[in-house]
Amino acid sequence: MSSSIYHFRSVEKKWSEIFSRYSISNSEILRNRQKKYYVLEMLPYPSGKLHMGHIRNYTIGDVLARYKKMSGYAVIHPIGWDSFGLPAENAARQSGGHPKTWTEANIASMRELLQVFGYMYDWPREISTCSENYYAMEQKIFLDLFDRGMVYRKKSYVNWDPIDQTVLANEQVIDGLGWRSGAPVEKRILDQWFVRITAYAEKLLSGLKELEGKWPDKVLKMQENWIGRSEGVIVNFKIVGSNRTIPIFTTRPDTLFGSSFIALSPDHEIATELAKNDLDAARFIENCKKGAITEEAFAKAEKDGWKTHLYAECFLVEGKKLPIYIANFVLMDYGTGAVFGCPAHDERDFDFAKKYNLPIIRVIHSEEELPYSGEGRLINSSFLNGLSTGDAKIEMIKYIEEIGAGEGKVTYRLRDWLVSRQRYWGCPIPIIHCPSCGIVSAKIPVLLPEDIIIDGIGNSLEKHPTWRFVKCPKCGEEAVRDTDTLDTFFESSWYFLRYLCPDYSDPIDRDIADAAMPIDICIGGVEHAVLHLLYARFFVMALKDMGYISSGISFMKLLAQGMVCHKSYKNSDGEWVYPDEVRRDNNEKFIDRSGKEVIEYSAEKMSKSKKNIVNPQVIVDSHGVDATRLFIVSDTPPEKDFDWNIDALDGSWRFLNKVWKTFNLVFSELGVQIGGSNSLLKTTHIYLKKISEAYDSVALNKAIAFVREFFNEIEAGVKTETNESLRFAFKNFIKALSPIAPYICHEMWKIIGETTEPLQDTEWPKIDERLAIENTVTIAIQVNGKLRKTFEVERDTSEPILEAMAVTLLEDSIQKSLIKKIVIIKNRVVNIVI
RNA sequence: GCGGAUGUGGUGAAAUUGGUAGACACGCAAGAUUUAGGUUCUUGUGACGAAAGUUGUGGGGGUUCGAGUCCCUUCAUCCGCACCA
């Protein structure tokens with residue numbers, strides 16, 4: 001019997017090389033455009049190590065890729081590296097090496113482990129975004145956007161780290177401090193590059209409707225909120241005693257009769273002008289900028305204002321004047337940077353009015369206390385009185401437009417995308433600044449210089465002795481290069497198109513892109529729900545409008561996979577302890593290696609800092625790839641968080657051993673030769689149907705449950721079935737399991753001499769629908785809806801017969817005369833109502 | 001504050017979309033084989049009960065012959081956004 005132990009090590013070594021040869025040619029994709037399947041896993045950052053989250057992500061993708069391949073699809077399943085970015089610079093600074101060297105070494109070791117896992121990737125399509133081949137093409141796209149006015153330069157407020165001397169992304173500012181330097185971050189006005197994503201706000205919003213049912217509702221809602229469309233009106237308020245007006249955006253024109261003040265953002269141009277001649281104003285504005293920096297603290301900060309000497313004319317009421325304040329709660333980058341205050345119907349305005357003793361005029365009738373921001377009938381509002389808030393809005397906008405005080409307008413929360421970074425390790429912005437010609441497109445490619453000093457302070461490109469100095473391509477005069485590089489989200493916004501033509505001389509090969517797109521399923525973490533997936537959708541739309549591709553549709557299904565979690569442990573010294581260092585002592589207490597007592601914390605996302613991580617390599621060494629793959633997609637649906645559980649991993653390992661043992665029995669030279677039954681034929685079709693449906697709906701946990709049930713049936717059949725029937729069932733079982741556990745399945749397939757080709761090229765079994773239905777059904781007999789008995793009957797037995805059988809079976813307990821009604825559902829239930 | 005989910009055994013979860021709740025696993029319990037590579041096999045396992053049975057899908061209410069599933073209400077947990085005018 002010892003010979004039937006499954007030796008995964010030798011088997012996995014043998015097949016891994018064969019699996020990594022998978023590839024699909026462009027001509028094959030073009031030929032099969034009607035039956036293609038593009039499965040995309042979000043490309044990883046080459047940090048050096050694959051973690052369990054990666055493994056879960058890629059295993060889900062690989063199972064689908066293999067299943068679709070077996071089902072006859074032309075499967076596009078690429079992988080690549082999101083290889084620009086800050087960590088490489090930091091690593092280089094610490095080690096004294098070069099970001100490129102570090103990145104390439106990481107890629108090599110990660111690639112190796114991906115191949116160990118048997119992922120059926122199309123390696124010839126592999127891309128690395130830091131390669132010249134990639135970013136030079138990106139520069140071409142950038143310049144195309146630039147030529148169309150889709151990229152522009154603008155002065156704007158940014159997070160500035162005074163120690164690192166660089167701009168920080170919002171995510172890099174933690175509680176107001178630079179994430180690396182710990183220095184208080186300043187708001188600075190800098191000239192930056194922006195992508196005009198707002199031009200696509202409406203398209204991005206309407207595109208979400210097409211994705212309903214295909215993307216998780218949560219993600220759709222998040223993007224909708226991010227884009228934040230609101231309909232309203234811009235009203236121009238005249239400043240008393242001046243020709244100037246202050247434009248104000250509002251979505252509540254219905255409450256204009258309740259207005260009692262106007263508030264400007266501290267960054268508003270009028271505020272800035274006032275501050276020039278007024279020290280008090282200047283001081284107030286300065287204080288506003290210092291205050292809270294986190295969004296939450298900012299939102300909760302007390303309303304604060306500074307009263308200017310200016311008043312605005314209320315265009316609705318003759319002689320009514322509204323005092324103008326500068327107020328800390330008014331945002332410059334939404335609407336027009338100025339608001340009118342209606343204290344009765346807005347919480348912020350209410351707080352502000354209380355503080356500064358401003359009139360509070362109720363204009364919407366309601367039983368509720370002020371401030372009231374709900375719907376109702378208008379009061380105290382002249383020609384609006386009696387109207388609903390909805391109608392009042394329409395009437396007021398009409399009036400404003402008639403008297404020429406403003407016009408209806410749609411505003412978005414979405415801002416243009418700031419893409420410039422003062423960083424070395426990124427795609428150089430291919431622009432030259434010429435003293436006489438201004439901003440000029442550079443000749444591409446603009447390559448990153450390799451001889452560079454990275455000391456963590458400022459932008460190394462700017463400090464390079466020669467790189468930035470060039471001749472202007474237009475006039476030939478001395479000029480300088482732009483030393484900023486692009487946000488790395490720029491690279492990850494179009495990589496899925498480059499996979500399709502990794503060596504093409506233009507960024508995108510239109511023919512192949514048209515055949516392969518859209519992406520049929522994209523798998524990745526929810527953390528990319530807004531930024532990456534919004535940018536990528538935008539890119540595809542913009543690329544379509546620039547003629548690179550024919551369709552603006554990027555993604556079909558989005559699978560937001562859950563996190564991989566693990567319990568965490570902390571010892572009595574307050575140090576985190578690795579899970580595999582924790583034991584139970586005689587008193588059932590948790591202890592670490594040194595015997596210190598350990599507290600167990602509930603499962604949360606695996607993270608290095610809490611040491612609740614599991615290294616994939618270690619698991620592969622102890623349990624094998626197939627068991628790990630099987631385990632990581634078992635039990636928990638892909639979109640839910642997955643709790644690591646070592647016992648269940650052992651269970652997956654045991655299952656594969658059982659499979660191996662039964663395989664050796666069923667296909668042994670002599671066969672089993674005990675029974676004479678052929679019922680497995682039908683069973684096989686029944687289960688293949690269930691399994692296929694589960695794979696099709698990406699319910700991999702269910703697919704595995706059915707695969708295991710199928711196997712249990714085969715095992716039970718060993719004593720009763722003919723050899724022929726058993727072998728038929730087992731072969732189909734191998735096919736059904738192979739997308740999840742490809743190694744053991746290929747090995748078994750090879751042993752029975754079916755083919756020497758990888759199993760992925762074997763067609764998924766054809767299901768005979770007539771056989772895939774059970775012949776007998778179990779009928780439940782209920783009394784008043786409660787289960788009393790069950791009985792077996794042939795499928796589709798007529799209702800009168802079911803009724804008669806049920807009544808007879810319950811004869812002893814129920815008198816016929818008491819029966820009021822009988823409800824019969826064919827093949828399911830007979831409910832007797834008494 | 002606003003928005004979005006999710007609540008089913010000791011655990012991960014199923015439930016043909018209104019028709020036998022708990023499939024498939026993990027764990028646990030009892031037993032068998034004396035078990036060399038990390039065993040394997042059998043049986044049991046929502047709760048209460050010796051049993052017949054009763055009860056059970058966060059709580060409360062409703063619709064229905066019948067509700068985990070539909071409606072109302074309430075509680076709890078998680079996540080996202082956050083002065084958006």
Side-chain angles (χ1 to χ4, degrees), chain A residues 1-2 5 7 216-222 224-226 228-230 232 248-253 255 263 265 292 294-303 327-331 333-342 345-349 351-352 373 411-415 526-527 529-530 622-623 631 634-637 640-655 657-658 661 690 693-694 699 701-712 778-790 820-834:
Chain A
M1 265 307 172
S2 64
I5 289 285
H7 297 287
D217 290 346
K218 181 184 167 182
V219 175
L220 293 177
K221 203 75 200 169
M222 280 165 75
E224 192 187 317
N225 291 341
W226 190 266
R229 181 184 202 274
S230 48
I248 282 174
F249 175 74
T250 179
T251 56
R252 295 299 304 271
T255 64
S265 162
T294 61
E295 302 279 16
E296 193 185 354
F298 187 56
K300 285 180 182 157
E302 199 190 324
K303 305 284 166 283
N328 64 345
F329 66 90
V330 183
L331 305 173
D333 47 6
Y334 184 78
T336 60
V339 299
F340 83 86
C342 174
H345 304 291
D346 182 285
E347 202 181 329
R348 295 156 300 177
D349 297 347
D351 293 348
F352 195 81
S373 54
T411 305
Y412 300 90
R413 210 187 72 114
L414 182 71
R415 312 282 149 73
V526 251
E527 65 271 22
V530 177
S622 60
H623 290 76
F631 166 63
S634 290
D635 295 347
T636 305
K640 290 190 77 176
D641 284 353
F642 177 94
D643 281 350
W644 189 265
N645 169 0
I646 193 76
D647 290 325
L649 174 61
D650 288 339
S652 294
W653 182 88
R654 280 198 300 270
F655 174 68
N657 275 283
K658 213 155 62 169
K661 210 164 111 181
K690 286 184 175 188
E693 283 168 359
N701 56 321
K702 278 160 70 181
I704 291 169
F706 295 139
V707 165
R708 294 182 87 134
E709 262 180 76
F710 184 20
F711 179 75
N712 291 345
T778 309
I779 305 292
I781 313 176
Q782 298 175 335
V783 175
N784 292 341
K786 283 190 179 173
L787 180 71
R788 278 297 130 88
K789 254 185 191 150
T790 61
K820 283 187 195 148
K821 186 177 166 188
I822 296 182
V823 181
I824 299 159
I825 308 296
K826 237 183 176 183
N827 296 328
R828 294 205 193 288
V829 163
V830 177
N831 189 13
I832 299 170
V833 186
I834 54 169

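Proteins get letters first, then strands, A, B, ... in listed order; numbering begins at 1 in each.
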Nearest-neighbour nucleotide for the A/L331 side chain, B/A25, B/U20, B/C84 considered:
B/C84
Student check: side-chain heavy atoms of A/R229 and A/L414 closer than 4.5 Å:
no
Do A/I779 and A/V830 make a side-chain contact, defined as non-hydrogen atoms from C-beta onward lying under 4.5 Å apart?
yes
Could you state the CG-C1' distance from A/D650 to B/G37, rounded to the nearest angstrom?
14 Å
With syn meaning chi within 90° of zero and anything else anti, the base of B/G44 is anti
Using atom CG of A/D346 as one end and atom C1' of B/G1 as the other, report the distance to the nearest whole Å.
12 Å
Of the listed nucleotides (B/G12, B/C26, B/G19), which one gets closest to any side-chain atom of A/D635?
B/G12
Taking B/A67 as the reference, what is the distance to B/G56 when you measure between their C1' atoms (whole Å, please)?
14 Å
Write down the distance separating the C1' atoms in B/G58 and B/A76, rounded off to the nearest Å.
7 Å
Watson-Crick/G-U partner (both atom distances under 3.5 Å) of B/A14
none
Shortest side-chain distance from A/K658, nucleotide among B/C41, B/A85, B/C24:
B/C41
NZ/NE/NH1/NH2 to OD/OE distance under 4.0 Å, A/E224 and A/K221:
yes
Distance, P atom - from B/C48 to B/G9, rounded to whole angstrom:
14 Å
Check nucleotides 53-57 of chain B for protein N or O atoms closer than 3.5 Å to its own N or O atoms and list the pairs.
residue: B/U55; atom: OP2; partner: A/K786; partner atom: NZ; Å: 3.4

Assign A/T251 to base, sugar-phosphate, or nothing according to its heavy-atom contacts below 4.0 angstrom with the strands shown.
sugar-phosphate
Please report the distance separating the P of B/U73 from the corresponding atom of B/G4, rounded so that it comes out in whole Å.
14 Å
What is the distance, to the nearest angstrom, from the NZ atom on A/K661 to the C1' atom on B/U35?
12 Å
Pairing partner (Watson-Crick or G-U wobble, both distances under 3.5 angstrom) of B/G56:
none
I want to check something: taking the side chain as every heavy atom from C-beta on, are A/F706 and A/K702 in contact at a cut-off of under 4.5 Å?
yes
C1' atoms of B/U8 and B/U43, separation to the nearest Å
26 Å
For a 4.5 angstrom cut-off between non-hydrogen side-chain atoms, does A/D635 reach A/F642?
no
Please work out if A/P216 contacts a base, only the sugar-phosphate, or nothing of the nucleic acid, heavy-atom cut-off 4.0 Å.
nothing
Just how far is it from atom CD1 of A/I704 to atom CZ of A/F631, taken to the nearest 0.5 Å?
11.0 Å
How is A/S622 classified with respect to the nucleic acid when contacts are heavy atoms under 4.0 Å: base, sugar-phosphate, or nothing?
base
Nucleotides 76-81 of chain B: which of its N/O atoms have a protein N/O under 3.5 Å away?
residue: B/C79; atom: O2'; partner: A/K218; partner atom: NZ; Å: 3.0

Mind checking the P distance from B/G68 to B/G18? Whole angstroms is fine.
13 Å
Would the base of B/U16 count as contacting A/R828 through its side chain, where contact means a donor and an acceptor less than 3.5 Å apart?
yes
Would you check, one step at a time, whether the test side-chain contact (heavy atoms from CB on, under 4.5 Å) holds for A/T636 with A/D643?
CA-CA 8 Å; A/T636 305; A/D643 281 350; over 6 Å; no
Rounded to the nearest angstrom, tell me the gap between atom NZ in A/K702 and atom C1' in B/A23.
11 Å
How do A/D643 and A/W653 order along RNA chain B: which one's closest nucleotide is nearer the 5' end?
A/D643
Rounded C1' spacing from B/G60 to B/A23 in Å
31 Å
d(CG, A/N831; C1', B/A67) in whole Å
13 Å
Give the rounded distance in Å between these two atoms: CG of A/D333 and C1' of B/C83.
12 Å
Remember a base hit wins even if backbone is also touched, and classify A/S230 as base, sugar-phosphate or nothing at under 4.0 Å, heavy atoms.
sugar-phosphate
Which part of the nucleic acid, if any, lies within reach of A/R229 when heavy atoms closer than 4.0 Å are counted: base, sugar-phosphate only, or nothing?
nothing
Complementary nucleotide of B/G38, counting Watson-Crick and G-U pairs under 3.5 Å
none
Ranking B/C65, B/C24, B/C84 by distance to the side chain of A/R348, first place goes to B/C84
Across all strands shown, which nucleotide pairs with B/A29 by Watson-Crick or G-U wobble geometry, both distances under 3.5 Å?
B/U43
Checking A/T411 now: which residues fulfil side chain to side chain contact (heavy atoms under 4.5 Å, CB included) with it, not counting sequence neighbours?
A/S230, A/F249, A/Y334, A/K409
Beyond-backbone contact of A/V833 with A/N784, side-chain heavy atoms, under 4.5 angstrom
yes
Base of B/U11 relative to its sugar, syn (within 90° of 0) or anti?
anti
For B/A5, the Watson-Crick or wobble counterpart (both distances under 3.5 Å)
B/U77
Check the distance between B/G19's P and A/I781's CD1 and give it to me in whole angstrom.
19 Å
Figure out the NZ/P separation between A/K303 and B/A82, and round it to whole Å.
16 Å
For A/K786, the side chain to side chain contact (heavy atoms under 4.5 Å, CB included) test, sequence neighbours excluded, returns A/R788
If pairing means Watson-Crick or G-U wobble with both distances under 3.5 Å, then the partner of B/U63 is none
Give none if B/U69 has no partner; otherwise give the nucleotide forming a Watson-Crick or G-U wobble pair with it, both distances under 3.5 Å.
none
Return yes if the base of B/C26 and the side-chain atoms of A/D647 contain a donor-acceptor N/O pair under 3.5 Å, otherwise no.
no
Out of B/A85, B/U20, B/C24, which has the shortest distance to the side chain of A/L787?
B/U20
Salt bridge (Lys or Arg N to Asp or Glu O under 4.0 Å) against A/R415, all qualifying residues, sequence neighbours excluded:
A/D333
Looking only at side-chain atoms of A/R654, point me to the closest of B/G12, B/A21, B/U40.
B/U40
Is a side-chain N or O of A/T251 found less than 3.5 angstrom from the main chain of A/G232, in a donor-acceptor match?
no
Closest to side chain of A/N712, choosing from B/A14, B/A85, B/A25
B/A25
Is the shortest heavy-atom distance from the side chain of A/N831 to the side chain of A/V829 under 4.5 Å?
yes
5' priority, RNA chain B, between A/D641 and A/F249 [closest heavy atom]
A/D641
Spacing of the C1' atoms in B/A51 and B/U33 (rounded, Å)
34 Å
Picking from B/G27, B/A85, B/G12, which would you name as closest to the side chain of A/T636?
B/G12
Partners passing salt bridge (Lys or Arg N to Asp or Glu O under 4.0 Å) against A/D346 (at least two apart in sequence or in another chain)
A/R348
For the side chain of A/H623, counting heavy atoms from C-beta on, which of B/G38, B/C84, B/U20 is nearest?
B/G38
